[in-house]
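What follows is one structure encoded as structure tokens, with my remarks underneath.
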Number of protein chains: 2
Amino acid sequence: MFSRACQYAIRAAVLIALEGRNKRRMSLVEIAERTGSPRAFTAKVLQQLARAGILESTKGPNGGFDLPPAKAKKVKLSMVVKAIDGDQVYRGCGMGLPYCNPKKPCPLHDHFQEVRDELRDMLEGTDLHTLSLGLEKGKAFLKR
Amino acid sequence: MFSRACQYAIRAAVLIALEGRNKRRMSLVEIAERTGSPRAFTAKVLQQLARAGILESTKGPNGGFDLPPAKAKKVKLSMVVKAIDGDQVYRGCGMGLPYCNPKKPCPLHDHFQEVRDELRDMLEGTDLHTLSLGLEKGKAFLKR
DNA sequence: GACATTTCGGACAATCAGGTCCGTATTTTT
DNA sequence: AAAAATACGGACCTGATTGTCCGAAATGTC
Ligand code: FES
Ligand code: FES
């Protein structure tokens, strides 16, 4: 469904949103640790998110990545996915035709469009702040 | 969403089901042509489907791949997808945790499970015969 | 039996995704 | 000013996916 990189991005982003509520800034090392993601690779992914304007990064001692709650409420999951994987996953044709075109559809179109649209709605309707709430009190987990 | 190989598999399978209704057997060359897929690679994919028992293959002159309507009605899309990509796409965790486990869920679980289950239902509820019907009279297309 | 047609399967090549390493730039602390 | 901590970015490695090629095996036709 989502690429490895994108999955790391989501995990990291939710975690950063969580700590952002305590006004904490998170270092790469801590993020990689708590999301169970490879450190160097996660760095690349976070840089992409920073460049996309999804989160802030600061260099130097006590630097790291952060995302204040106000912004976390505005950042939808779709933005994270799009920044890493593009929008092919929730806009593309299920059978791999160049673009999904309802005027010249693949045989799967009608069936596929429904679930793809629900995916899109879900991604566009879910923000990082909301997801971070689920992380409190051991209700949800970022690694196992 | 689905791998390239899996998309070729679906296109080919639907086409074979279509011609199966005319008791026709299709050669690799014709399949590749009409689905706009690379010939040699499609061969591999079709062999996988044949080995998985999803369609029949016959060597020699007038050989090729075939799928009688009776069987096409029983072959669900989920079987094709599973044979090529495995079932991770409609069973796995959206954030990449080893297995989706509602007892120890990722923050996205509740949201994700819904659309993933709809995808599963769609794949398990759609058979190749039904899809091939859509292909008649230029209502749907396998390539553009 | 010879030949043509077709799938089968292994070896290979190219491209891409996932991942590491390391030096550089920037900022804070001392 | 020096040192330490941190993100940045490029080069590189590795494995998977995508794709090609070609000989072998099977089967129908003459
Ligand atoms: S054309 Fe294939 S999903 Fe719309
Ligand atoms: S645990 Fe992540 S989707 Fe179920």
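Proteins get letters first, then strands, A, B, ... in listed order; numbering begins at 1 in each.
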Provide, to the nearest angstrom, the distance between the [atom1] atom belonging to [X] and the [atom2] atom belonging to [N].
{"X": "A:Q47", "N": "C:dT20", "atom1": "CD", "atom2": "C1'", "answer": "14 Å"}
{"X": "B:D85", "N": "D:dA16", "atom1": "CG", "atom2": "P", "answer": "15 Å"}
{"X": "B:K59", "N": "D:dA26", "atom1": "NZ", "atom2": "P", "answer": "5 Å"}
{"X": "B:F2", "N": "D:dT18", "atom1": "CZ", "atom2": "C1'", "answer": "18 Å"}
{"X": "B:F41", "N": "D:dA16", "atom1": "CZ", "atom2": "P", "answer": "15 Å"}
{"X": "B:Q48", "N": "D:dG19", "atom1": "CD", "atom2": "P", "answer": "13 Å"}
{"X": "A:F65", "N": "C:dT27", "atom1": "CZ", "atom2": "C1'", "answer": "15 Å"}
{"X": "B:L49", "N": "C:dG9", "atom1": "CG", "atom2": "P", "answer": "14 Å"}

With heavy atoms under 4.0 Å as the rule, sort [X] into base, sugar-phosphate or nothing.
{"X": "B:R51", "result": "sugar-phosphate"}
{"X": "A:A50", "result": "nothing"}
{"X": "B:L46", "result": "nothing"}

Problem - A:K74 and A:D127, any side-chain heavy atoms less than 4.5 Å apart - result: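 When only atoms from C-beta onward are counted, A:K74 and A:D127 do not touch, as no gap falls below 4.5 Å.
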Problem - A:Q48 versus A:R51, side-chain donor and acceptor atoms under 3.5 Å - result: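 On atom types as modelled, these side chains do not qualify, holding no pair under 3.5 Å.
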Exercise for the section: Could you verify whether a donor N or O on one side chain and an acceptor N or O on the other, from B:R120 and B:S78, lie under 3.5 Å apart? Expected result: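 There is no such pair between these side chains.
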Exercise for the section: Counting heavy atoms from C-beta on, name the nucleotide in D:dA7, C:dT7, D:dC21 closest to the side chain of B:A40. Expected result: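 So the nucleotide nearest the side chain must be D:dC21.
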Problem - Nearest-nucleotide pick for A:S57, side chain only, options being C:dG18, D:dA7, C:dG9 - result: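 Given the options C:dG18, D:dA7, C:dG9, the side chain of A:S57 is closest to D:dA7.
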